[in-house]
S.K.: 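To start, I am sharing the structure in question, which I have written as structure tokens.
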Amino acid sequence: MREMITRYAPAPTGFLHIGHIVNAIYVWGVAKSMDGRVRLRIEDHDRQRSRREFEQEILDDLTWLGFEPDGPPVRQSARGDIYSHALDSLRARGLVYACSCSRAEILEAALGPTDEIRYPGTCRDRELIEGPGLGVRVRLEPTVERFVDLRHGPQAQRPSEQCGDLLVRDREGNWTYQFAATVDDWMQGITHVIRGDDLLPSTGRQIQLARLLGRAEPPQFLHHPLIMKSPTQKLSKSDRDTGVRDLRQQGWSPARVIGHAAALVGLCDEGTEIGAANVSDLFAR
Ligand SMILES: [Zn+2]
């Protein structure tokens, strides 16, 4: 059996909050229960929003909590050549095209079968010349992507109808999350992607993209519950009351912070204290 490798992949666009701890509990907990490894990836593909200070704070909070990755962090901002190379391979097969559409134009033209914004394919056959100020998209196949989520069971998704042709690089020249993460998961040999339920609907497109890129076998996916601010609103990094920094300053111990986060998604009872080294116990049942 091949070795299990997963990743913890924070975006340095804010402080670590209790929702990130839930993700860390699942990532390290499941990895340890499978004798796997955890790679750390800094998802700073968005150059306008990522800040080095946040990265340092995140790494510092992870160390304080006791979550230790295997190996040094990989930064997406340093991997432009790798993404370019991956894009070249798609381009060589005629799978990409330039797109001049603004977000407002797409919003106006698009109404998909779901509540997601679907790119309607406006530039698909315009044969625009790629260059500054233009985005790049990959042509999706109209296939149904079937996979088994390790928590939710069998899934079937049709990305070409959900989101339309995927943006690979935006008009500002940023690599998109979907593209960078898919390339990185392949290049880093990630066998298991463990992340929040909000990303379940975008799994099919990552599986298709991985296949178009040439990855023989996609990773397995596990999507876990999110802590919600309200039934419709996710926690965000700006919710300071749930920041790890603030809990630290209030005198909480790492084991109390981790136990609190685990209790919020039903992994244990509130008041349980659990160290980072023991989070796999939560998955042993
Ligand atoms: Zn377009």
Side-chain angles (χ1 to χ4, degrees), residues 9 11 13 43-50 76-147 155-187 193 195 198-215 218 221 234 236:
T13 54
E43 296 207 329
D44 56 353
H45 57 94
D46 184 336
R47 290 169 302 175
Q48 280 79 28
R49 289 174 62 231
S50 299
Q76 290 188 324
S77 58
R79 294 169 67 78
D81 289 348
I82 293 169
Y83 305 140
S84 289
H85 187 72
L87 176 58
D88 287 345
S89 79
L90 294 176
R91 188 185 292 114
R93 288 183 291 138
L95 291 175
V96 301
Y97 61 88
C99 168
S100 64
C101 299
S102 66
R103 196 175 158 76
E105 286 168 335
I106 294 169
L107 275 175
E108 202 175 310
L111 266 187
T114 60
D115 50 9
E116 205 178 339
I117 299 160
R118 179 179 181 275
Y119 178 67
T122 317
C123 301
R124 217 172 205 243
D125 302 312
R126 289 176 68 195
E127 298 185 10
L128 299 172
I129 308 294
E130 281 183 48
L134 294 185
V136 177
R137 290 186 184 270
V138 59
R139 294 173 198 274
L140 293 191
E141 301 164 341
T143 49
V144 177
E145 302 297 332
R146 295 178 198 281
F147 59 97
Q155 306 287 316
Q157 298 177 357
R158 198 187 285 269
S160 61
E161 284 183 10
Q162 287 175 283
C163 61
D165 292 341
L166 267 188
L167 195 62
V168 167
R169 206 171 55 204
D170 69 18
R171 299 195 306 159
E172 281 76 47
N174 288 309
W175 299 101
T176 62
Y177 163 74
Q178 299 291 357
F179 187 70
T182 303
V183 172
D184 288 339
D185 286 338
W186 182 27
M187 295 297 156
V193 174
R195 56 189 193 172
D198 55 332
L199 292 170
L200 178 59
S202 65
T203 304
R205 69 201 67 165
Q206 293 202 348
I207 288 172
Q208 182 173 143
L209 186 53
R211 186 174 66 241
L212 293 174
L213 285 164
R215 182 170 182 169
F221 287 82
K234 281 201 302 175
S236 78

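These numbers were taken from a predicted model, which means no experiment stands behind them. For reference, positions follow the sequence shown, starting with 1. For ligands, and for the atoms within them, numbers begin at 1 and follow the listed sequence.
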S.K.: So, are Arg195 and Glu43 salt-bridged, with charged N and O less than 4.0 Å apart?
M.R.: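 Salt bridge absent between Arg195 and Glu43.
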S.K.: Do any protein N, O or S atoms sit under 2.8 Å from the Zn ion (ligand 1), and which ones are they?
M.R.: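 N, O, S partners closer than 2.8 Å: Cys99 SG, Cys101 SG, Tyr119 OH, Cys123 SG.
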S.K.: Can you run down the salt bridge (charged side-chain N to carboxylate O under 4.0 Å, His left out) pairs that involve residues 77-90, sequence neighbours left out, and say none if there aren't any?
M.R.: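 Matches after skipping sequence neighbours: Arg79-Asp184, Asp88-Arg91.
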S.K.: Using the rule side chain to side chain donor-acceptor pair (under 3.5 Å), only one of Arg124, Arg137, Arg139 pairs with Asp165; which is it?
M.R.: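 For Asp165, the side chain to side chain donor-acceptor pair (under 3.5 Å) check succeeds only for Arg124.
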S.K.: Checking side chain to side chain donor-acceptor pair (under 3.5 Å) against Asn174, which of Arg169, His45, Gln48 comes through?
M.R.: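 Running side chain to side chain donor-acceptor pair (under 3.5 Å) over Arg169, His45, Gln48 with Asn174 returns exactly one hit, Gln48.
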S.K.: Tell me if the CZ atom of Arg103 is crowded by more than 12 foreign heavy atoms within 6.0 Å.
M.R.: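 No, the 6.0 Å shell around CZ holds no more than 12 heavy atoms from other groups.
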S.K.: Among side-chain atoms of Gln208 and Thr143, is any donor-acceptor pair under 3.5 angstrom?
M.R.: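 Note: Gln208 and Thr143 side chains meet the donor-acceptor criterion.
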